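What follows is a set of notes on a single structure, which appears directly below.
Naming: A, B, ... by sequence-line order, numbering from 1 per chain. All of these numbers come straight from a predicted model, not from anything done at the bench.
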Amino acid sequence: MNPQLQILIALQDILSLIREAKDPSQKRALGRMGFKMTNLEALEQTRENLEDQLSPAIRSQYARAKKRYGRIVAPVINGICYGCFVKIPSAIDTAEDRNQTLYRCENCGMFLFWVEK
Amino acid sequence: MKLSEILAPRRIALDLKAKTKDEVLEELVRLLRLSSPARKTLVKTLLAREELGSTGVGNGVAIPHCRSLVVSKVLVAVGRSKRGISFKSPDGKRVFLFFLIVAPPVGDPGEYLVVLGTVAQAAKILAKDRRIKKVKTPREFIKLIKEIEK
Ligand SMILES: [Zn+2]
């Protein structure tokens with residue numbers, strides 16, 4: 001896997017966690033099951049550490065997507081970008097270097113990740 | 001939703017070798033049979049989740065969970081440790097039984113919470129059931145869950 005893509009995926013997972021920890025209804029539902037989410041600072045620190053590992057060009061594309069959508073990587077499932085639900089050109093969807101080369105959706109600009117089935 | 005219906009014998013390990021929190025998360029993630037980069041990313045996300053607050057729920061049970069881009073559907077794995085592992089549980093007890101839950105960030109947003117709730121409920125009952133220590137095979141474990149769910 002492309003090393004920068006791997007960092008972006010880790011960042012996307014952390015952003016999902018941060019969103020969950022900040023969402024009052026999710027927090028309540030999880031709290032009722034016995035799960036506490038208190039140490040948000042540690043997560044923000046992990047996010048910053050990961051951001052520092054991005055190359056300058058990718059970091060600015062990351063910042064744009066994060067500001068616009070709150071998300072940065074869209075999974076591709078059955079040829080569809082799950083960031084904008086638009087079909088990926090089939091030449092890219094079937095490319096042998098997908099996940100090795102960093103691709104972005106031509107429509108929404110999010111980084112693309114082909115999820116293992 | 002029934003827990004017994006989403007469990008798969010190949011994702012159940014009844015004799016975990018791990019001795020630490022990091023090791024047990026790695027061992028549980030291994031049961032999901034993902035590629036190596038996906039596995040590494042998922043372990044990192046689960047460790048970050050633990051930093052946010054331990055997923056140990058007390059009485060020797062922990063339910064590590066997160067949403068992650070590396071999976072395409074909700075996956076559950078189970079691990080039992082005979083010695084128990086220190087997991088920063090609120091009651092300070094070592095953890096003997098682990099349920100790992102990983103969900104994709106897309107799809108039905110309620111499904112993840114339903115699975116978590118179902119597991120949390122079953123885990124609470126299992127923690128007090130002595131039969132959990134005697135179960136010898138993954139199929140026996142699923143059979144026990146079925147009995148609890150009756
Ligand atoms: Zn898109």
Side-chain angles (χ1 to χ4, degrees), chain A residues 1-3 5-23 25-47 49-50 70-78 80-83 85 99-100 111-117, chain B residues 32-59 61-73 75 88-91 99 101-107 109-110 112-124 127:
Chain A
M1 192 190 290
N2 180 295
L5 178 60
Q6 204 169 347
I7 297 166
L8 288 164
I9 291 169
L11 267 166
Q12 176 64 72
D13 281 0
I14 299 292
L15 291 178
S16 295
L17 259 181
I18 291 174
R19 194 183 317 136
E20 199 171 270
K22 284 184 175 171
D23 179 337
S25 72
Q26 291 256 343
K27 210 177 163 183
R28 236 187 346 263
L30 290 163
R32 274 199 296 269
M33 295 175 205
F35 303 116
K36 305 256 179 310
M37 297 196 285
T38 46
N39 194 2
L40 204 53
E41 301 82 45
L43 266 195
E44 298 282 9
Q45 188 59 56
T46 305
R47 174 182 57 78
N49 293 344
L50 284 166
R71 291 186 295 144
I72 48 172
V73 184
V76 181
I77 303 167
N78 298 325
I80 305 286
C81 163
Y82 268 65
F85 298 97
N99 291 347
Q100 304 297 327
F111 298 99
L112 296 174
F113 172 56
W114 281 264
V115 187
E116 293 167 39
K117 287 257 169 80
Chain B
L32 305 182
R33 295 166 199 219
L34 302 167
S35 68
S36 166
R39 215 166 53 220
K40 284 182 190 154
T41 302
L42 184 52
V43 170
K44 267 190 210 162
T45 306
L46 288 164
L47 283 168
R49 173 62 189 88
E50 294 303 320
E51 275 181 46
L52 187 57
S54 173
T55 59
V57 290
N59 292 317
V61 179
I63 310 173
H65 59 269
C66 68
R67 286 183 194 275
S68 178
L69 260 180
V70 303
V71 299
S72 56
K73 59 178 182 190
L75 294 175
K88 289 190 182 166
S89 286
D91 61 1
F99 287 89
I101 303 168
V102 188
V106 294
Y112 174 52
L113 289 177
V114 170
V115 173
L116 259 172
T118 307
V119 169
Q121 207 170 1
K124 217 180 264 177

Practice task
Heavy-atom pairs under 4.5 Å with chain A are the metric here; pick the option from B/Pro104, B/Ser72, B/Ala123, B/Ala120 that has the most.
Solution key: B/Ser72
Practice task
State whether the side chain of B/Glu50 and the backbone N or O of B/Thr55 hold a donor-acceptor pair below 3.5 Å, judged by distance alone.
Solution key: yes
Problem - Option that, when pairs with chain B are counted at under 4.5 Å, heavy atom only, ranks first among A/Asn99, A/Val115, A/Val73 - result: A/Val115
Practice task
Might you point out which heavy atoms bring A/Leu50 and A/Ile7 nearest each other, and give the distance in Å?
Solution key: O-CG2, 3.5 Å
Completion exercise
What one should report as the nearest heavy-atom pair of A/Arg19 and A/Gly70 is NH2-O, 3.5 Å
Exercise for the section: Measure A/Glu41 against the heavy atoms of chain B and call it side chain, backbone, both or neither at under 4.5 Å. Expected result: neither
Exercise for the section: Name the region of A/Thr46, side chain, backbone, both or neither, that has any atom closer than 4.5 Å to a heavy atom of chain B. Expected result: side chain
Exercise for the section: Tell me, for A/Glu116 versus chain B, whether the close heavy atoms (under 4.5 Å) come from the side chain, the backbone, both or neither. Expected result: both
Handout entry: Side-chain touch A/Asn49/A/Gln45, heavy atoms, less than 4.5 angstrom
Key = yes
Handout entry: Top of B/Gly117, B/Ser68, B/Gly53 for chain A proximity - count of heavy-atom pairs under 4.5 angstrom
Key = B/Ser68
Problem - Which atoms of A/Ile77 approach chain B - backbone, side chain, both or neither, heavy atom under 4.5 Å - result: side chain
Completion exercise
Okay, B/Lys73 and chain A: the region with an atom under 4.5 Å from a heavy atom over there is neither
Problem - Flag side-chain contact, heavy atom, 4.5 Å: A/Leu30 against A/Glu20 - result: yes
Problem - Proximity breakdown for B/Val119 and chain A, heavy-atom pairs closer than 4.5 Å - result: neither
Problem - Top contributor to chain B contacts, counting heavy-atom pairs under 4.5 Å, from A/Ala42, A/Ala74, A/Ala29, A/Gly34 - result: A/Ala42
Handout entry: For chain B, the option from A/Lys36, A/Arg71, A/Met33 that forms the most heavy-atom pairs under 4.5 Å
Key = A/Met33
Exercise for the section: Salt-bridge test for A/Glu44 and A/Lys22: reply yes if a basic N is under 4.0 Å from a carboxylate O, no otherwise. Expected result: yes
Problem - When B/Lys40, B/Lys44, B/His65 are compared by non-hydrogen pairs under 4.5 Å with chain A, the top option - result: B/His65
Handout entry: Side-chain (B/Asp91) to main-chain (B/Gly58) donor-acceptor, under 3.5 angstrom
Key = no
Practice task
Answer yes or no: is there a donor N or O on one side and an acceptor on the other, between the side chain of A/Asn39 and the main chain of B/Leu52, under 3.5 Å?
Solution key: no
Completion exercise
With chain A, the option among B/Arg67, B/Arg49, B/Gln121, B/Lys124 that has the most non-hydrogen atom pairs under 4.5 Å is B/Arg49
Practice task
Determine the option with the most heavy-atom pairs under 4.5 angstrom with chain A, choosing from B/Ala38, B/Ser54, B/Ala48.
Solution key: B/Ala48
Problem - Which atoms of A/Ile18 approach chain B - backbone, side chain, both or neither, heavy atom under 4.5 Å - result: neither
Problem - A/Asp13 side chain to B/Leu69 backbone, donor-acceptor under 3.5 Å - result: yes
Practice task
Using non-hydrogen atoms and a 4.5 Å limit, figure out which bit of B/Ile63 sits close to chain A: side chain, backbone, both or neither.
Solution key: both
Fill in the blank from the handout: In terms of heavy-atom pairs under 4.5 Å with chain A, the winner among B/Ser35, B/Cys66, B/Pro105 is B/Ser35
